Protein chains: 2
Amino acid sequence: MTEEPTITTIAQHAGVSIASVSRVLNGLPTKAETERKVMSAARELGYVPNSAARSLKSRRSNQIGFAMADIGNPVYLAMIREIQPIFKAAGYRLVLHSTDADTADEIDVLRGLGERYIDGLIMIPLRLTGEHLTMFAAARAPIVVIGSVPEDAPVDNVRTDSRAGVRLAVEHLHGLGRRRIGFVNGPLDTVPGAARSAAYAEALAALGLPYDPGLTQVGDFYRAEGARAAARLLDRVPDLDALLCANDLIAFGALDVLRRAGRRVPQDVAVAGMDDTDLATLAWPPLTSVSLGSAERGRAAAELLLDKLENTRRAPRVVTVEPRLVVRASTDPSRIPGEEAP
Amino acid sequence: MTEEPTITTIAQHAGVSIASVSRVLNGLPTKAETERKVMSAARELGYVPNSAARSLKSRRSNQIGFAMADIGNPVYLAMIREIQPIFKAAGYRLVLHSTDADTADEIDVLRGLGERYIDGLIMIPLRLTGEHLTMFAAARAPIVVIGSVPEDAPVDNVRTDSRAGVRLAVEHLHGLGRRRIGFVNGPLDTVPGAARSAAYAEALAALGLPYDPGLTQVGDFYRAEGARAAARLLDRVPDLDALLCANDLIAFGALDVLRRAGRRVPQDVAVAGMDDTDLATLAWPPLTSVSLGSAERGRAAAELLLDKLENTRRAPRVVTVEPRLVVRASTDPSRIPGEEAP
DNA sequence: AGGCGTTCTGTAAACGTTTACAACGGCGCC
DNA sequence: GGCGCCGTTGTAAACGTTTACAGAACGCCT
């Protein structure tokens with residue numbers, strides 16, 4: 001008990017060679033008698049295979065990595081909830097990396113692929129630098145990127161059409177008669193920030209609304225800063241009648257601010273978020289939000305990666321998830337819960 | 001580029017032995033000239049050390065495990081947010097295990113300690129079986145359990161005084177004049193379920209209130225089932241004026257049901273949760289909740305484990321986090337946001 | 001100049017597996 | 001009875017590190 005048992009220990013106890021032990025443990029054909037001896041010795045000694053030795057020899061770690069900006073964001077959480085069971089079922093462990101959206105950190109994770117402690121990686125970079133692309137090209141293990149990536153990048157890619165998503169929301173608000181539609185965005189140097197900013201301007205144009213830069217306020221992607229950004233916007237444009245937020249967390253901050261300012265939602269200001277997180281139905285009023293299919297994207301990423309692990313040489317693939325508008329009471333007063341007709 | 005470079009490759013390129021390469025890479029004293037040659041060869045070849053080989057030799061994986069029932073629960077999330085950066089700073093990666101509160105699964109994770117792919121484990125078992133205790137005793141690597149564990153178990157333990165927490169909540173509701181205080185609990189065969197059930201009865205007794213078993217309803221620890229359980233309770237006891245929920249998720253479900261039933265919160269029914277998750281301030285009305293110090297518990301667990309990793313022989317320790325009642329509008333109408341005096 | 005100590009380097013073994021290859025025994029067949 | 005074949009087993013090498021140990025180079029002192 002004091003020494004950790006290895007296949008050598010088992011071999012001695014069972015009176016066979018280590019090769020036989022290994023064969024039995026891996027289910028290769030063996031004489032019943034040998035198998036019996038080995039199995040009983042293994043059980044008796046409480047043998048557990050050493051994963052480092054196994055990895056060293058087999059060149060597989062049975063681990064996959066998931067790198068995101070911040071595990072506190074419910075979007076990533078929704079993805080993990082899909083990804084985790086898929087890999088667990090396939091015999092992989094999940095190694096988590098929370099990078100704080102720090103590029104250097106993300107590059108470190110990519111370098112980690114070279115250490116071979118993970119067999120593959122799902123990554124969600126908020127910013128995409130040349131260094132990322134270089135590392136993608138040099139990577140020794142398959143990578144799936146969630147979020148848009150150049151066409152020729154040698155990685156699988158799961159994306160969502162956030163352009164279409166923003167359009168859905170803007171059209172919805174416009175359809176409700178709102179004309180002063182503010183936009184609270186995250187940093188413009190992030191992939192989603194940039195995409196949503198462009199999409200917002202486009203959507204307004206398509207509806208024949210003027211694009212007023214003063215209607216946009218940039219902050220970050222969290223609730224507290226979302227509240228501050230919304231407050232600034234509200235100060236500057238007191239007569240806005242709708243607020244589109246680049247994600248749900250920002251929208252929650254905006255709801256806090258509007259409530260404190262005594263604006264009724266949705267009567268005075270309609271509010272819409274993006275991501276359609278679980279939390280949207282918890283907020284008051286329940287939040288209209290553009291679903292970007294977080295769960296689907298997580299599942300798609302996991303499946304792409306699993307497939308690529310088995311089928312190493314296949315060409316990179318792109319999966320696109322369609323956005324979908326989920327209307328709730330924060331834009332549509334007829335949906336306020338507890339006030340429905342019976 | 002086609003062959004993964006190893007220290008052998010580097011040694012050839014630099015014209016030194018593999019021992020020298022290893023020494024340079026590990027910062028052991030070397031002649032400046034050698035160091036220069038090795039470093040430049042390593043950089044040129046894009047060398048990355050192989051973690052399996054390193055682990056095999058050093059007997060450390062630089063990974064730690066975190067096992068919880070379900071990563072979707074915001075309590076565990078709050079813990080991870082504390083734990084992740086602590087271990088990252090100390091050079092460890094975090095391996096996630098979501099066990100669905102399945103005992104067999106948890107035992108598997110414990111067995112994993114023997115595979116040595118993690119150097120230590122933080123675990124939150126919802127149920128604690130004899131098998132758990134056996135595995136704790138046999139474990140080759142340090143374990144920290146969050147949640148109560150027998151005094152003599154050979155593991156570090158971070159607990160919270162949920163008894164005191166329940167008492168705080170019941171006293172608060174009683175102080176508001178509520179006398180028909182319902183209790184929506186999770187399964188009684190779980191550690192927290194059992195503790196909270198006993199504490200609820202005790203707290204009532206201490207206040208001289210009768211204990212009416214009909215005021216208790218058992219479900220699970222999630223929102224949907226929380227809603228169903230609350231609905232059943234409400235059907236059975238239409239005149240209850242307060243509802244204590246064994247965690248916040250249950251409370252959110254209860255809020256849904258009460259709203260649909262046309263009961264005003266807090267005027268008709270005061271609602272309190274436990275865990276004081278982030279989401280409590282998102283709900284409507286904002287949820288009064290007993291903070292069980294999730295973040296503190298996470299941090300404490302991480303620190304205990306790190307300490308134990310450095311100081312292997314020290315005796316098991318117990319850290320207790322005190323609960324704290326956070327009063328919000330779901331029990332106290334004077335706190336409804338947007339209605340404060342200026 | 002010889003001996004000694006210091007500093008650095010190389011050789012080789014070890015960590016615990018998997019697996020190519022050879023050896024072995026038993027069996028059927030001619 | 002010898003041959004070949006098959007199924008099973010053992011030996012040994014390999015995976016990429018770290019590290020104990022011995023040896024080499026060098027400067028310094030007497």
Side-chain angles (χ1 to χ4, degrees), chain A residues 2-39 41-42 45-63 111-119 140-141, chain B residues 2-39 41-42 45-63 91 112-119 140-141:
Chain A
T2 162
E3 277 299 303
E4 195 96 15
T6 71
I7 53 167
T8 310
T9 332
I10 298 187
Q12 287 163 354
H13 276 248
V16 300
S17 74
I18 62 166
S20 289
V21 176
S22 174
R23 275 187 288 258
V24 170
L25 295 174
N26 290 305
L28 298 174
T30 353
K31 217 167 74 182
E33 164 69 0
T34 313
E35 177 166 342
R36 200 191 47 69
K37 283 192 293 188
V38 169
M39 289 311 260
L45 295 168
Y47 170 77
V48 185
N50 179 303
S51 61
R54 198 190 278 259
S55 291
L56 176 58
K57 190 67 202 178
S58 67
R59 306 169 150 283
R60 312 174 4 100
S61 61
N62 292 313
Q63 299 191 144
R111 185 165 305 120
L113 281 179
E115 292 180 37
R116 321 239 97 206
Y117 68 83
I118 46 180
D119 297 335
R140 299 289 204 206
Chain B
T2 160
E3 277 300 303
E4 196 97 14
T6 72
I7 53 168
T8 310
T9 333
I10 298 187
Q12 286 163 354
H13 276 249
V16 299
S17 74
I18 61 165
S20 290
V21 175
S22 174
R23 276 187 288 259
V24 170
L25 294 174
N26 289 305
L28 299 175
T30 353
K31 215 167 74 182
E33 164 69 0
T34 314
E35 177 166 344
R36 201 191 47 68
K37 284 193 293 190
V38 169
M39 289 312 261
L45 295 169
Y47 170 77
V48 184
N50 178 303
S51 60
R54 199 190 278 260
S55 291
L56 177 58
K57 189 68 204 180
S58 66
R59 306 168 150 282
R60 312 174 3 98
S61 61
N62 292 313
Q63 300 192 142
L113 282 179
E115 291 180 38
R116 320 239 97 206
Y117 68 83
I118 46 180
D119 297 334
R140 298 291 205 205

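Below, all heavy atoms of this structure are taken into account, side chains as well, without hydrogens, waters or symmetry copies. Note on naming: letters A, B, ... go to the chains in the order of the sequence lines (proteins, then strands), and numbering restarts at 1 for each one. Every value quoted in this text rests on a predicted model; they were computed, and no experiment measured them.
- Under the 4.5 Å side-chain criterion, counting only non-hydrogen atoms from C-beta, B/Glu115 is in contact with A/Val48.
- In this entry the distance linking CD1 of A/Ile18 with C1' of C/dA20 reads 13 Å, nearest Å.
- Pairing each heavy atom of A/Tyr117 with each of A/Ser61, the nearest pair is O-OG, 3.0 Å.
- Between the P atom of D/dT17 and the CG atom of B/Asn62 lies a distance of 15 Å, rounded to the nearest Å.
- Atom CG of A/Leu45 is separated from atom C1' of C/dG16 by 15 Å (rounded to the nearest Å).
- We find that CG of B/Leu25 is positioned 13 Å from P of D/dT19, with the value rounded to whole Å.
- When each of C/dC15, D/dT8, C/dT17 is scored by its nearest atom to the side-chain atoms of A/Tyr47, the top-ranked nucleotide is C/dT17.
- Heavy atoms of A/Thr30 sit under 4.0 angstrom from primed sugar atoms or phosphate atoms, though from no base atom.
- Taking 4.5 Å as the limit, some side-chain heavy atom of A/Ile10 sits within range of a side-chain heavy atom of A/Leu45.
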Checklist line | Test log, rule side-chain contact (heavy atoms from CB on, under 4.5 Å), inputs A/Tyr47 and A/Val21 | finding: CA-CA 11 Å; A/Tyr47 170 77; A/Val21 176; over 6 Å; no
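- Contact between the side-chain N/O atoms of A/Arg116 and the OP1/OP2 oxygens of D/dC15 is not found at any separation under 4.0 Å.
- A sub-4.0 Å separation between OP1 or OP2 of D/dG10 and a side-chain N or O of A/Ser17 is present.
- One atom, CD1 of A/Ile10, and another, P of C/dT18, lie 11 Å apart when rounded to the nearest Å.
- Of the candidate nucleotides C/dG10, C/dT17, D/dT9, C/dT17 has the atom lying nearest to any side-chain atom of A/Ile7.
- Among the nucleotides C/dG10, C/dC8, D/dT17, the one closest to the side chain of B/Lys31 is C/dC8.
- When the nucleotides D/dT18, C/dT17, D/dG16 are ranked by their closest atom to the side chain of B/Asn26, D/dT18 comes out on top.
- Proximity of A/Asn50 to the phosphate of C/dC15: no side-chain N or O atom is located under 4.0 Å from OP1 or OP2.
- Contact between the side-chain N/O atoms of A/Arg59 and the OP1/OP2 oxygens of D/dC15 is not found at any separation under 4.0 Å.
- When distances are taken from the side chain of B/Leu56 to each of C/dC8, D/dG16, D/dT9, the shortest belongs to D/dG16.
- The interatomic distance linking B/Tyr117 (OH) with C/dT17 (C1') rounds to 18 Å, in whole Å.
- Contact annotation: the side chain of A/Val24 approaches that of A/Glu35 to within less than 4.5 Å [non-hydrogen atoms, C-beta and beyond].
- To the nearest angstrom, C1' of C/dG16 lies 13 Å from CD of A/Gln12.
- Comparing B/Ala19 and A/Ser22, the nucleotide of DNA chain C nearest to each residue sits closer to the 5' end for B/Ala19.
- With rounding to whole Å, B/Arg36 atom CZ is found 17 Å from C/dC8 atom C1'.
- Both B/Lys57 and B/Glu33 lie near DNA chain C, and the one whose nearest nucleotide falls closer to the 5' end is B/Glu33.
- At the phosphate of D/dG10, neither OP1 nor OP2 sits under 4.0 Å from any side-chain N or O atom of A/Arg23.
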